[in-house]
**Q** 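There's a structure below that I have some questions on.
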Amino acid sequence: MIINDLWYKNAVIYCLNVETFMDTNADGSGDFEGLSRRLDYLAGLGVTCLWLLPFYPSPRRDDGYDVTDYYGVDPRYGTSGDFIEFMNQARERGIRVIVDLVVNHTSNQHPWFRDARSSRKSKYRDWYVWSKKRPRGWNKGMVFPGSQKSTWSYDPEAREWYFHRFYDFQPDLNTQNPEVREEIKRIMGYWLELGVSGFRVDALPFVISEKGPSIGKPVQDFAFLRELRLFLQWRRGDSVLLAEANVLPDQDLNYFGDRDDRMPMMFNFLVNQNLFYALASADVRPLIGALKKTRQRPITAQWAHFLRNNDELDLGRLTKEQRALVFEKMGPEPSMQLYDRGIRRRLAPMLNFDRRRMEMAYSLMFTLPGTPVIRYGDEIEMGDDLRLKERQCARTPMQWSTEPHGGFTAGEKPVLHVIDDEVCGYRALNAADQLRDPQSFLNWTERIIRMRKECPEIGWGEWQILRTGSAHVLALRYDWRGNAIVAVHNTDDQPHSITLTIDNADRTSLVNLLSNDHSEGDGDGVHKLAIEGFGYRWYRVGGLDYILRRSRS
Ligand code: NOJ
Ligand code: CA
């Protein structure tokens, strides 16, 4: 590796929505001032990068993924000055910030769309995708089946049909239009100038797809990804693009670019779905398959791994039987499911608030080959409220304390109510109580993040699957600069005895990084381990002089 300082290789990313994090002026909506004041909490947890969901001016009919102005902060969250102040305070604490780049579509209230629909002669007409007649596939290809009726809608003002991959209030931008492409770079340039370290790129496969009434199977323009990358890193060398692209593994290199020249990071959706299958079935073999299928990536590129995010848990890439099993174990009620493909619950309720399973799931995610992304509230085992519609159920405000509205707002009416039931309401689960309790999940998460940062092998190293002889137990080994780490996870509730072979002849001991039960192998490096139900181990191969053994390249 020529470049040593790729920060994203070992970042710990925390994703949050400003709107639901902390309200300081009692208007019920979170704000940048509130986020700034909570930075000490985030720094204490140990996260190194925040991913902010959209905070731009927006009617927020899709939680801000319907933007009306790419160059501003919605007044509900404060001013541009508050944003800059927040950026400064984050930087002071060594925390980077990436923001959502939502350029597949705008809001239908965006001035561009308003102008575009007003006349065929509008300068912006060709910024969107139109059809004079109702296209053949007008009711095909919806992303939100059940909530979205079509992908083309008639606009009486424009007197034409317009294309919208998502909801009808999100007209797609004509991303083949060079002017639109220029504008996308401008948006990036603007936020880079304000200090962000990059972007989470929303709906990327659709951004680069051909769009139009007679397009059957759209061709994708991967060359545009290189253009974006070059622009990004010319403007700010240490910034990244984290792509949301739920694609098949044979497409991965098209997105990463086989010469390290397209997306530096992508979310690993295939591993995510198979990880949930492993949690549901206690069978890690499909997860191993997914890891192997997504192994290939250029040297500077990185996978981002996650458990839950702001959307439903999409299980569309599993087989029918596998999906049925995850539904049965983790979201059996129709009210827990969404869009015929996923589960809309938060992680803790999916795992029945079983602390051992929560630890094992997070520990496993933190030891996958890539960069971990955690979701606000998961660190205190926040739950969901299934009475809220679609994905809103898992987007409720952060639970800070036992104060009214969980300390999220001093106002009467929070944007979305704070969960207050007995099991997962703010009186039972909140940050303040958990900070005081050394055994809390919050403090466990802090400790595991701390340990993850001491294991750069995971983000940087070469990995291999070690044979365990059990379909329930996953063992991953990482090698980097003369050192090795082995992570072992038992996804079953029953204990299992396994045998691992560590082939470093000179170093047969495995030093447990999380507790005192180390393992001494026999002369051939064979280790017999007994792992309790949902047990997990992080080992260093050899002694703790690894720090001296680490080579410089
Ligand atoms: C993906 C986002 O995560 C989701 O919340 C949103 O609805 C769509 N993209 C459309 O922008
Ligand atoms: Ca506020």
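Read the numbers this way: they start at 1 and go in the same order the structure lists the ligands and their atoms.
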**Q** So among Asp385, Asp311, Asp384, which one has a salt bridge (Lys or Arg N to Asp or Glu O under 4.0 Å) with Arg395?
**A** Asp311
**Q** Does Arg200 make a cation-pi contact with Tyr65 (under 6.0 Å, within 45 degrees of the axis)?
**A** no
**Q** Looking at non-hydrogen atoms alone, which of Leu53, Val103, Asp66, Asp62 comes nearest to atom 6 (C) of ligand 1?
**A** Asp62
**Q** Can you list every pair that meets salt bridge (Lys or Arg N to Asp or Glu O under 4.0 Å) and has a residue in residues 40-54, with sequence neighbours left out?
**A** Asp40-Arg93
**Q** What is the number of protein N, O or S atoms that sit under 3.0 Å away from the Ca ion (ligand 2)?
**A** 5
**Q** Go through ligand 1 atom by atom and flag the ones less than 4.0 Å from a non-hydrogen atom of His105.
**A** 10 (C), 11 (O)
**Q** For atom 9 (N) of ligand 1, state which one of Asn310, Asp202, Asn246, Asp311 supplies the nearest heavy atom.
**A** Asp202
**Q** Which of the numbered atoms in ligand 1 are below 4.0 angstrom from a heavy atom of Arg391?
**A** 4 (C), 5 (O), 6 (C), 7 (O)
**Q** What atoms in ligand 1 come closer than 4.0 Å to a heavy atom of Arg395?
**A** 5 (O)
**Q** Looking at Lys185 and Glu227, is there a salt bridge between them, counting it only when a charged N and a carboxylate O are closer than 4.0 Å?
**A** yes
**Q** Which heavy atom of the protein is the closest neighbour of atom 8 (C) of ligand 1, given with residue, atom name and distance?
**A** Phe166 CE2, 3.8 Å
**Q** Quick one: does Arg61 get a heavy atom under 4.0 Å from ligand 1?
**A** no
**Q** Around atom NZ of Lys293, are there more than 12 heavy atoms from other residues, nucleotides or ligands closer than 6.0 Å?
**A** no
**Q** Is a side-chain donor or acceptor of Gln399 paired with a backbone partner of Leu429 at a separation under 3.5 angstrom?
**A** yes
**Q** Within the distance-only criterion (no hydrogens, no angle test), does the side chain of Gln148 pair as donor or acceptor with the backbone N or O of Arg165 below 3.5 angstrom?
**A** yes
**Q** Can you sort out which atoms of ligand 1 are near Phe144, meaning under 4.0 Å from one of its heavy atoms?
**A** 7 (O)
**Q** What's the separation between atom CZ in Phe113 and atom OH in Tyr128, rounded to the nearest 0.5 Å?
**A** 7.0 Å
**Q** Do Thr294 and Asn268 pair up side chain to side chain, a donor and an acceptor below 3.5 Å, judged on atom types alone?
**A** yes
**Q** With a cut-off of 6.0 Å (strictly less than), are more than 12 heavy atoms of other residues, nucleotides or ligands near CD of Gln251?
**A** yes
